[in-house]
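In what follows, every chain begins at residue 1, and chains take the letters A, B, ... in the order their sequences are listed. Since we're looking at a predicted model, the values are computed, not measured.
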2 protein chains.
Amino acid sequence: MRLSDAIEEFIKELWMPDEPEVELKRNELAEYFRCAPSQINYVLSTRFTPDHGYAIESRRGGGGFIRIIRVQRGRRESFRYLLQDRVGEAISARDAQILCLQLAEQGTISLEDAELMNAALKPQSQAVPIPEQMKDTIRAKTLKNMLLSILRRAQQQ
Amino acid sequence: MRLSDAIEEFIKELWMPDEPEVELKRNELAEYFRCAPSQINYVLSTRFTPDHGYAIESRRGGGGFIRIIRVQRGRRESFRYLLQDRVGEAISARDAQILCLQLAEQGTISLEDAELMNAALKPQSQAVPIPEQMKDTIRAKTLKNMLLSILRRAQQQ
DNA sequence: CTGATTATGGTCAAAGATGGTCAACATCTT
DNA sequence: AAGATGTTGACCATCTTTGACCATAATCAG
């Protein structure tokens with residue numbers, strides 16, 4: 001079995017039932033698997049992405065950590081389509097706006113959230129001289145992270 | 001847990017209800033936590049700054065003290081200060097996160113909004129190869145637009 | 001009074017403790 | 001063989017902790 005797969009599995013077994021998150025030490029994990037610490041980052045960036053229903057937070061320095069937050073299994077599945085197909089790797093401001101409004105109309109998210117997301121996604125928020133393609137990529141990532149946040153919020157209630 | 005976090009928590013528990021300020025002795029605190037006195041300054045300068053909503057007064061010499069004051073701002077005032085002074089033309093992900101959390105703590109915005117904004121502002125939302133400076137600029141614009149959106153929402157009600 | 005002594009708090013730089021990024025190299029799939 | 005996926009290591013960024021040295025206020029001895 002590949003190292004990456006083993007690490008992925010190991011991490012997934014760290015969760016207690018119903019716990020929304022686990023915390024780990026990069027160096028400890030790397031030592032446990034006798035691999036380069038950056039290998040952990042590789043696993044995280046390929047298997048614990050928003051598309052997979054996970055969000056990551058971390059801190060450097062003494063007492064540093066990596067925290068992985070997940071949404072419920074069922075929701076993970078149901079949002080796969082939304083995140084991967086509907087948003088994808090890049091999305092225009094226009095398409096993003098349409099998506100937000102549509103989600104609000106169908107009651108998936110609140111109108112307030114839709115407008116807040118829209119504010120973050122509109123062109124003025126990215127008024128800097130970089131290629132449009134970059135902007136669409138950033139927008140997609142931003143949108144996914146926001147949707148994930150809303151999803152996580154819903155699960156806590 | 002980090003020493004700094006423990007000290008931060010300890011200090012925050014010193015507040016009596018409705019008291020706007022708390023007073024402490026640097027050396028006593030340091031002795032209590034068995035750390036270098038300058039550690040206290042570190043905690044103060046990283047967790048009780050104006051950006052965190054605190055002001056500090058102190059006096060040296062016999063009978064010296066450190067006084068920590070919670071600053072209170074009205075909602076409107078708070079927003080204007082944020083948009084004009086605090087966010088500015090560029091802001092790091094960490095500073096943006098501190099800002100969001102502080103706004104939620106002081107009740108200016110809801111915790112949900114804070115987390116949603118945070119999701120949009122975290123580094124993963126901008127994981128593309130462009131200069132950090134660009135990212136900080138985009139983040140500032142994004143944050144301002146989101147704050148404006150919340151402000152507008154509030155005004156309609 | 002005044003100068004010395006004592007009691008505080010402040011600054012800053014160095015060292016330690018983590019995690020992040022990126023590009024080269026390796027291995028697996030097709 | 002070519003492209004996708006996985007692995008590593010060098011170098012970077014950030015956060016924490018400590019200690020040496022500095023500044024200021026109160027008190028005490030003469």
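Take A/Asp51 and apply the salt bridge (charged side-chain N to carboxylate O under 4.0 Å, His left out) test, not counting sequence neighbours, and it matches A/Lys144. Checked against side-chain contact (heavy atoms from CB on, under 4.5 Å), B/Gln72 has no partners two or more places apart in sequence or in another chain. For B/Ser110, the side chain to side chain donor-acceptor pair (under 3.5 Å) test picks out B/Asp113, with sequence neighbours left out. Among residues two or more places apart in sequence or in another chain, the salt bridge (charged side-chain N to carboxylate O under 4.0 Å, His left out) test is passed with A/Arg26 by none. Listed by chain and number, the residues in a salt bridge (charged side-chain N to carboxylate O under 4.0 Å, His left out) with A/Glu9 amount to none (sequence neighbours excluded). Residues satisfying the salt bridge (charged side-chain N to carboxylate O under 4.0 Å, His left out) test with A/Arg2, not counting sequence neighbours, are A/Asp5. The side chain to side chain donor-acceptor pair (under 3.5 Å) check on A/Arg67 picks up A/Glu23, A/Glu57, with sequence neighbours excluded.
Contact annotation for A/Arg47: backbone-only contact, meaning every heavy-atom pair under 4.0 Å involves sugar-phosphate atoms and none involves a base. Residue contacts for A/Arg67: at a heavy-atom cut-off of 4.0 Å it reaches no nucleic acid atom on any strand shown. Using a 4.0 Å heavy-atom distance criterion, B/Ile40 is classed as making no nucleic acid contact.
Pairs passing the salt bridge (Lys or Arg N to Asp or Glu O under 4.0 Å) check and including a residue from residues 114-124 of chain A, sequence neighbours excluded, do not occur. For residues 30-43 of chain A, no pair satisfies salt bridge (Lys or Arg N to Asp or Glu O under 4.0 Å), with sequence neighbours left out.
Residue-environment remark: CZ (A/Phe10) exceeds the threshold of 12 foreign heavy atoms within 6.0 Å.
The nucleotide range of DNA chain D contacted by chain A, defined by atoms under 4.0 angstrom from heavy atoms of the protein and reported 5' to 3', is D/dT5 to D/dT16.
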Which letters describe nucleotides 18-30 of chain C, given B = protein heavy atom under 4.0 Å from base, S = only from sugar-phosphate, - = neither?
BBBBB--------

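Taking the screw axis at each terminus of the helix from C/dC1-D/dG30 to C/dT30-D/dA1 from five consecutive base pairs, the angle between the two is 0° to within rounding of 10 degrees.
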